[in-house]
Structure formats: C-alpha cells, structure tokens
Amino acid sequence: MNVIKNLLKLFLVYFLLITNSLSTNPSEFIDSISNEASGILSSKLSDNEKVTKLKIIAENSVDIDGVGLYTLGKHRKTLTDEQKIEYKKLFKEYFLKSFSGRLVVYNDAKIAVLSEEVKNEKYTIVYSKLIGSADRPEVKIDWRVYTKNPEKPLIRDLVIEGLSLARTQKEEFNSIIENNGGDISALFANLRKFLEK
Amino acid sequence: MNRIITTLIALLLIQLLVVKKTFGAETEVKDCFEKLNRVTFALNMGLDKVIFKPVAKGYRKLPSPIRTGTSNALSNLSNLITIPNNILQGDFGSAANNSARLVINTTLGIAGIFDPANSFGFEKREKEDFGQSLGVMGVGEGCYLVLPVLGPSTVRDTVGSFVAMNGGDMWHNITVRDDEEYVKEFKESDYWASRVTSGVDFRAKNLEAFDAMEKNSVDLYATVRSLYLQDRKRKIKNSQSKTEAMEDGDWDTLEK
C-alpha cells in the first residue's frame, strides 16, 4: 500500500513540475536566449560555427513563419498555394542567413533585461538594453514576444531604439514588389540571389 | 538674437495655421522622387565608401576619451538648436534642463568636453530640431528626399533645415552668418568643422551596424528609407515607451 502512496506522491510532484514548466515567463525567455547568444558571440568559435549555432537559437525562438507572413503585408493575400509554400521556404532561409549575419559582427554583446509589459494575451513587450562599450553606445532593444501559446513564447519583432526590424523588412520587401509592378516573383528572385551570395 | 525671435514667431504662426495632426495616420511610404532619390543614394554610398567610412575608421582609432570628449562637445553645441525647439514644442521642462546643461557644460565642462551637468541632476535628453517641431505642430512629413552628402530627409525636414540655416540655429548665426552681436570668437570654418565631425562621429558609432545592414539587405535603399522615417516618427511623438510607436494593427491582421 505504501508503494502505491509513494508512487502517487511521485506522480503528483512530477505533474506539478510539468505544469510549472509549461508556462514560460517572457522576460526569462528573452534573458535565457540572449545569454545563450551572447555566450556564442563572445566564444572563440569561427564565424561560420557561430552562425550555425545562432541559426539554431533563432529557429527555436523566433516565429519565422509569422514574421514572413507579416513581412509580405498586403501582398500576403495575393499568393497562390504554391507561392505560399515557396515563400515560406525561401523566407526561412533568408531570415536565418540575414539574422545571423547581422549578429555575428558583435563579439561583446551583453543584453540586460529591464522589464516587461503585457500588451494583451497575444503579445508581451520585453524591454532590454545592449550594454554599451568604448566603441558603441548603449542600445535599447524591445522584444515583441508572441504569447498566444504561453508554453512556447516566440519572438516576432525586435525594436532597436524604436526601429522595428519586422517593419523595416516589410517595407524593404514591399519596395521590391512595387518596383516590379506588383510581381511577387521578383521578390523571390531577389531572395534567391541573396541566398547565393 | 532678433533672427531667432523672428523664426520662433514665424513657426508659431505656422502652428496656428496647421490644425490637422497627420503623423499618426501615416503608414504608407511617400517616395515621390524615388528614381532621383535612388541615384543620389548611390552617389552618397560611393562617397561613403571613398571618404566617410575610411575617415570614420581612422576616427575610431583615436583614444576613447578623445572620442567621448568630441562627442560630448558636439552634443553640447546641439543644445543651441534643441532649446528653441523645446520651447516651440511647449516642452519648457526640457528647455530649462537643456539650458542648465548648456551653461554648466560649456563652463565647468570646458566647452562641453565633459558632462558635469549630469552629476548635478540635469540628465541628457533627446535632441530636437525644426523638422521635429514642424511635425509636432501637425505638418505632415511630405515626400521622402535623399539629399546629396547629407543623406535621408523629407520635404518637412528639409524645410526645417532651411529654418535652421536662416536664423534658427544660433551656432550657424555666430559662425557662418557672422552675427557678431554677442560672440566674435568663431569663424565660418568652425561651423563646417563641427558639422563634418558630427557626421564622422555618427558614422564611427555605426560602423558595424551599417556594414551588417549593407551586407544583409535585399534593397538597402528601402531599408535606409524605412529606418529614417520610423526614427523621425518616433522622435516627433517623443515617445518614451517604445511600444507607443509600435503599431499593433499590422500584427493583428496576421491572426485573421
């Protein structure tokens, strides 16, 4: 009988641990991934090795498909099903290459999480700062964390000194499409060209 | 001084004439001169590659205290434009704070090289210019413009620069316009030296960021345009909380 009681207790403890870990605090989430990225950037790994590791972090912590759809803006609705599949694949490759390429130049990046603001059930903004160095001033970075699934928060945007990376990306893509008479395949061609570089 | 007062009165009159606040609603990029802008942008990029970037790299090799001192002195000088614009925007608290900073740092801080005002409780605040004041008054940004050498701007911000060059900027008045009513020590070359150094200082602080942006953009022109316009909107809103400047609307349409 004691064995059954002990088993029940163990099960209860296990269940409590599981449910606690299901909900992740957005600030802790950002703190954890920025520490991980900072560790990689300041390590003695080669740039290529750093890029590979940064890509893994980005794949696990950024809502790449969501950002990709946001980035298309009004053109999102004009895509055919085949184009959607092609874009999803191209954007993911583009995002990971571009994102890790932008980060890898910083080898002393230390981020301090300051506070968070719950905007609604879907979004929490985490405020942080990139600590300044002799060559670079302190930089404010706000993270738009998508919390629709509280068990797995995902980053949807980085706002650096008030400048949204997702919005910049959206306007960049929109410019390419508009300058090619609304032809979305021109964007695909540009993304392929970037990936070949 | 008379010129500054005339400019302030002229801008207040504009404020009375303009009733519609437009900056909040603007989401589409208005690039009426895109073809010409792209040509000017290419020219500026060429100049950057040959002149500004190498000079900025050289500047970065100077000892850190020299760069910090230069940056502080330039920032102190910029108060001469910021203070009248604080007043134009009705932000008298910042005008008082920046005036105290200007007096303390110019004297105790030896021409602004050091920042003792900060330790007296007068903390550094955002810079303001006439383009921002026009924006606060409700003047829309107008079309995006790329100016040769000077870089990104808008019709409104270019008008703001003209205001500064025609009496609104006291530093310009006592150097280039030779308004020696109060100060006689400065020459025209001092003004241009401060402008060039300010550009080099900015470029040097952004060497890595700009390299990374250049390397990882699919349309660098559109990226720079987007960043400039977002930055100006944020500055005009004077938003302390960054989320105010982040529009949820676009993200919400994603869910539907």
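Throughout, protein chains are lettered first and strands after them, A, B, ... in sequence-line order, and every chain is numbered starting at 1. Here the structure is a predicted model, which means the values were calculated and not measured.
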**Message:** Is it the case that over 12 heavy atoms from other parts of the model lie below 6.0 angstrom from the NZ atom of K92(A)?
**Reply:** no

**Asked** Roughly how far apart are R234(B) CZ and S164(A) OG, rounded to 0.5 Å?
**Response** 13.0 Å

**Value rounded to 0.5 Å, distance of OH in Y228(B) from CG in L163(A)** = 12.5 Å

**Request:** Identify which part of K193(A) has an atom lying under 4.5 Å from any heavy atom of chain B, answering side chain, backbone, both or neither.
**Result:** neither

**Message:** Please classify the contact between F173(A) and chain B as side chain, backbone, both or neither, with a heavy-atom cut-off of under 4.5 Å.
**Reply:** side chain

**Request:** Determine yes or no for a side-chain-to-main-chain donor-acceptor pair under 3.5 angstrom, with R102(A) supplying the side chain and N216(B) the backbone.
**Result:** yes

**Complete:** Bottom line for T68(B): the part with an atom under 4.5 Å from chain A's heavy atoms is neither

**Message:** I'd like to know if the side chain of Q230(B) pairs up with that of T168(A) as donor and acceptor (distance under 3.5 Å, no hydrogens or angles considered).
**Reply:** yes

**Request:** Work out which heavy atom in A212(B) is nearest to a heavy atom in G101(A); give both atom names and the distance.
**Result:** CB-O, 4.5 Å

**Request:** Output the distance between atom NZ (K215(B)) and atom OG (S98(A)), rounded to the nearest 0.5 Å.
**Result:** 11.0 Å

**Asked** Once you round to the nearest 0.5 Å, how far does OG of S226(B) lie from CG of L165(A)?
**Response** 9.5 Å

**Asked** Is the OH atom of Y59(B) crowded by more than 12 outside heavy atoms at less than 6.0 Å?
**Response** yes

**Prompt:** Near R195(B) CZ, under 6.0 Å, is it more than 12 heavy atoms from other residues, nucleotides or ligands?
**Reply:** no

**Item:** Side chain / backbone / both / neither for N174(A) at chain B, heavy atoms under 4.5 Å
**Value:** neither

**Asked** For D219(B), does its backbone N or O pair with a side-chain atom of E172(A) as donor and acceptor, under 3.5 Å?
**Response** yes

**Prompt:** Atom OG1 in T223(B), atom CD in E171(A): separation rounded to 0.5 Å?
**Reply:** 9.5 Å

**Message:** Just checking K97(A): does its NZ atom have more than 12 heavy atoms from other residues, nucleotides or ligands closer to it than 6.0 angstrom?
**Reply:** yes

